[in-house]
Protein chains: 2
Amino acid sequence: MEKVSVDELKNYLGKEVQLHGWVYNTRSSGKISFLLFRDGTGIVQAILYHPDHREELVKRFEELNQETSIVLVGKVREDKRSPLGIELDIVDFNIISKSIDYPISPKEHGVDFLQSNRHLWLRSKKQSSIMRIRSDVVFFAREFFNNRKFLCIDAPIFTPSACEGTTTLFEVDYFNDKKVYLSQSGQLYMEAAALAYGKVYCFGPAFRAEKSKTRRHLTEFWQIEPEVAFFDIDDDMELAEDLVIYLVQKILERRTDDLKILERDIKPLENIKKPFYRITYEDAIKILNKKGIEIKFGDDFGAPDEAAISFEFDRPVFVHRYPTQIKAFYMKKDKDREDLALGFDMIAGEGYGETIGGGQREDDYDTLLKRINENNLPVENFKWYLDLRKYGSVPHSGFGLGIERFVQWITKTQHIREVIPFARTLDRTEP
Amino acid sequence: MEKVSVDELKNYLGKEVQLHGWVYNTRSSGKISFLLFRDGTGIVQAILYHPDHREELVKRFEELNQETSIVLVGKVREDKRSPLGIELDIVDFNIISKSIDYPISPKEHGVDFLQSNRHLWLRSKKQSSIMRIRSDVVFFAREFFNNRKFLCIDAPIFTPSACEGTTTLFEVDYFNDKKVYLSQSGQLYMEAAALAYGKVYCFGPAFRAEKSKTRRHLTEFWQIEPEVAFFDIDDDMELAEDLVIYLVQKILERRTDDLKILERDIKPLENIKKPFYRITYEDAIKILNKKGIEIKFGDDFGAPDEAAISFEFDRPVFVHRYPTQIKAFYMKKDKDREDLALGFDMIAGEGYGETIGGGQREDDYDTLLKRINENNLPVENFKWYLDLRKYGSVPHSGFGLGIERFVQWITKTQHIREVIPFARTLDRTEP
């Protein structure tokens, strides 16, 4: 008999198949028992009509608890009412291992309790849908860049110094009383790699020791950071736009069932097409002022400002050319406006804020050195970074996309801790 | 005029094209100047035959130094002698940015000097070939698992405690005087994920605070770790075999030029086919004894032992069923031989040692608890891990493949520091 998974069942109509997995739930009503069976690829309903079976099997059904592991044999039958379009008639089953007093019941649980039981909570329906979508985002982001012949160049996690100050860095005891820091971004290393290989990206965990307890902060998160030689800010925004469209299309194609489980309205996602809106920082200030928000040139946007901007547009919007003083030292200045940096943020729709940040990098040695000094950064730590402007400097640009913020938006999940398998926050480092 | 990259040139025979990149080298001989031009996708030779050009261009050629960035216009011509099968006739070029006294010349440099200039060393021919192969290994390993419908479930890097003792763990200052450790392996988390989703993998950096200064040790390395529910040790070895074959085939198909540059004999790679050899630990002891190596049941293999075993076989060999006492607490015991653990190592060919380690996990609650106590591990830290045996336990297996050791083998690179973009070792955390 063929061993199949739940997501393949629709190809086995009328056939008897074997499945390996767990009991999601059971209930009985008169002469019929219902089993919700999960195997990680989906959940299917299986029916045991008592008069059709020997008494022993009906009795054994009563031993099934939530999360009992079983081998199930069933016959696949069409059922228009079910979400999968099919149901199983139980032929037989064997219990592999019992599950007594499984702590997560269908009733509501507190967040802390669920987080403490994350190793089990992951088995729940909504969490499974989020994780499937996350897995696709991670894979297809890489595929997008591989298709365009980018090289994956892993940036180091141990870094000798901070990119932009040490206040939000995690310190690690290295050998012989040396201290190193956990990377917040691979960007500087990607610049070195772009000047070696043209088109590169890194994709790994990043760490931020921020004492923030918001719905959008993790101390450990994943980001993908492409960097391209001979790219200006416009090329860069187009690349970001193409990536977002590619990912959203993949999720819409492959994960409709999961989006349905998450009750995600897919209309705003279907509307994510070229071109995204592009407005300057100064335009954005005007929009906010018109809405009665007091903000002036030189102020940075907070999360409520970004949300307000996002509601003005029916798809993502790039805000570009921020005041130099509120942006990082490595951003190239606009040649027509010395007070503006060639950086951008992509603000996702539906009230979600910044999901991508990037821009063109300063490629002139003297200007960069001046900026490092103006920012009181230790020049000796940036010697190698300055070298990139000394030996065949070229215009180059890149950006970073935070995977969790992206998945949070696509799945419309309220709290970011649910879109990463094992969230690390200010208060939590277990399990 | 079309902008193309070096690896696309063979599709533009007879055409005039524009390239963006850097000078790899120049030389002149009488009325001909030769330019080796690189753009990250490859190196092409471009010719300037002086009589064909205005004097100014010939003079400008003299300004080209190693790593000068240029925009090059050339006409593609067939040339059987060149490695790419083509050459360029220079039509014009413009210097974007100069490169004076580039520190890495074609002469030999000391290892420490090269490591200190890793941001520039990456531009060298051999390093480029290694990085292209590494990038493919990273991507196609993920593709292999995605094709088989594994979910990517990222394991956390911050972990509350050690899997197997704290002696080789890096400690991080978390908030409020709390300490956390950097993960050495995502395995325990993948076990939780496999019981939720069936087939999963993680792929991220891992950290080991070993004071080893060998050619095979890094403090920060990358590994891919699949874990599958309802898999036994034999299924697991077959999965590892399929993965290795898939990766080697991809590299042989896509990176022949790079393997040539690295002077890698490809015959041993072409021989990597199903089935790999499978021998027991006890067989391996006999082989070693026959070769005059003194080793007895209960001893662990060192690198020289692994090398000796590998030379006995013309393709990778799985050594399985090690003595329980030398293997980790979570390994399942062989039901026919209580003194043996259902673990395996895949020993790569040609003297390279262990590249994959894995096996079947203990799935019985009481047995696992006993093993945790026997190993003097703090039970309270493993409560969540024990839960996996409490609620619907199933047989499951997995393995870990170290990316750097794999790439080191495929490229036959002497020292592991060259197969990762920015190596971190006992003595080095920069640039």
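Order of the sequence lines sets the chain letters (A, B, ...), proteins ahead of strands, with each chain counted from 1.
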Straight-line distance of [X] [atom1] to [Y] [atom2], nearest 0.5 Å:
X: A:K211; Y: B:N176; atom1: NZ; atom2: CG; answer: 5.5 Å
X: A:W222; Y: B:C152; atom1: CH2; atom2: SG; answer: 7.0 Å
X: A:T219; Y: B:I157; atom1: OG1; atom2: CD1; answer: 11.5 Å
X: B:T425; Y: A:F175; atom1: OG1; atom2: CZ; answer: 9.0 Å
X: B:H119; Y: A:L388; atom1: NE2; atom2: CG; answer: 6.0 Å
X: B:D173; Y: A:L169; atom1: CG; atom2: CG; answer: 12.0 Å

Do [X] and [Y] come within less than 4.5 Å of each other through their side chains, counting heavy atoms only?
X: A:S99; Y: B:K390; result: no
X: A:D39; Y: B:Y197; result: no
X: B:F158; Y: A:F207; result: yes
X: A:S393; Y: B:S69; result: no

Parallel, tilted or perpendicular: which one describes the rings of B:F139 and A:F139, with boundaries at 30° and 60°?
parallel
Take the angle between the ring planes of B:Y174 and A:F170 and call it parallel below 30°, perpendicular above 60°, tilted in between.
parallel
For [X], which atoms come within 4.5 Å of any heavy atom of chain B: side chain, backbone, both, or neither?
X: A:T429; value: both
X: A:D427; value: backbone
X: A:E8; value: side chain
X: A:F140; value: side chain
X: A:A229; value: side chain
X: A:V180; value: side chain
X: A:A423; value: neither

Report, as yes or no, whether the 6.0 Å neighbourhood of atom CG on A:N147 holds more than 12 heavy atoms from other residues, nucleotides or ligands.
yes
Salt bridge or not between [X] and [Y]? Use side-chain N to carboxylate O under 4.0 Å.
X: A:K178; Y: B:E430; value: yes
X: A:D7; Y: B:K149; value: yes
X: B:D154; Y: A:R134; value: yes

Give me the atom names and distance for the closest heavy-atom approach of B:R38 to A:A196.
NH1-O, 2.7 Å
Where do B:R132 and A:L151 land on the side-chain contact (heavy atoms from CB on, under 4.5 Å) test, with the steps shown first?
CA-CA 7 Å; B:R132 278 193 285 267; A:L151 291 191; 3.6 Å; yes
So, the part of B:L120 with a heavy atom under 4.5 Å from chain A: the answer is side chain
Apply ring pair (Phe, Tyr, Trp, His ring centres under 6.0 Å) to the pair B:F230 and A:W22, showing each step before the final yes or no.
CA-CA 12 Å; B:F230 304 100; A:W22 295 264; 5.5 Å; yes
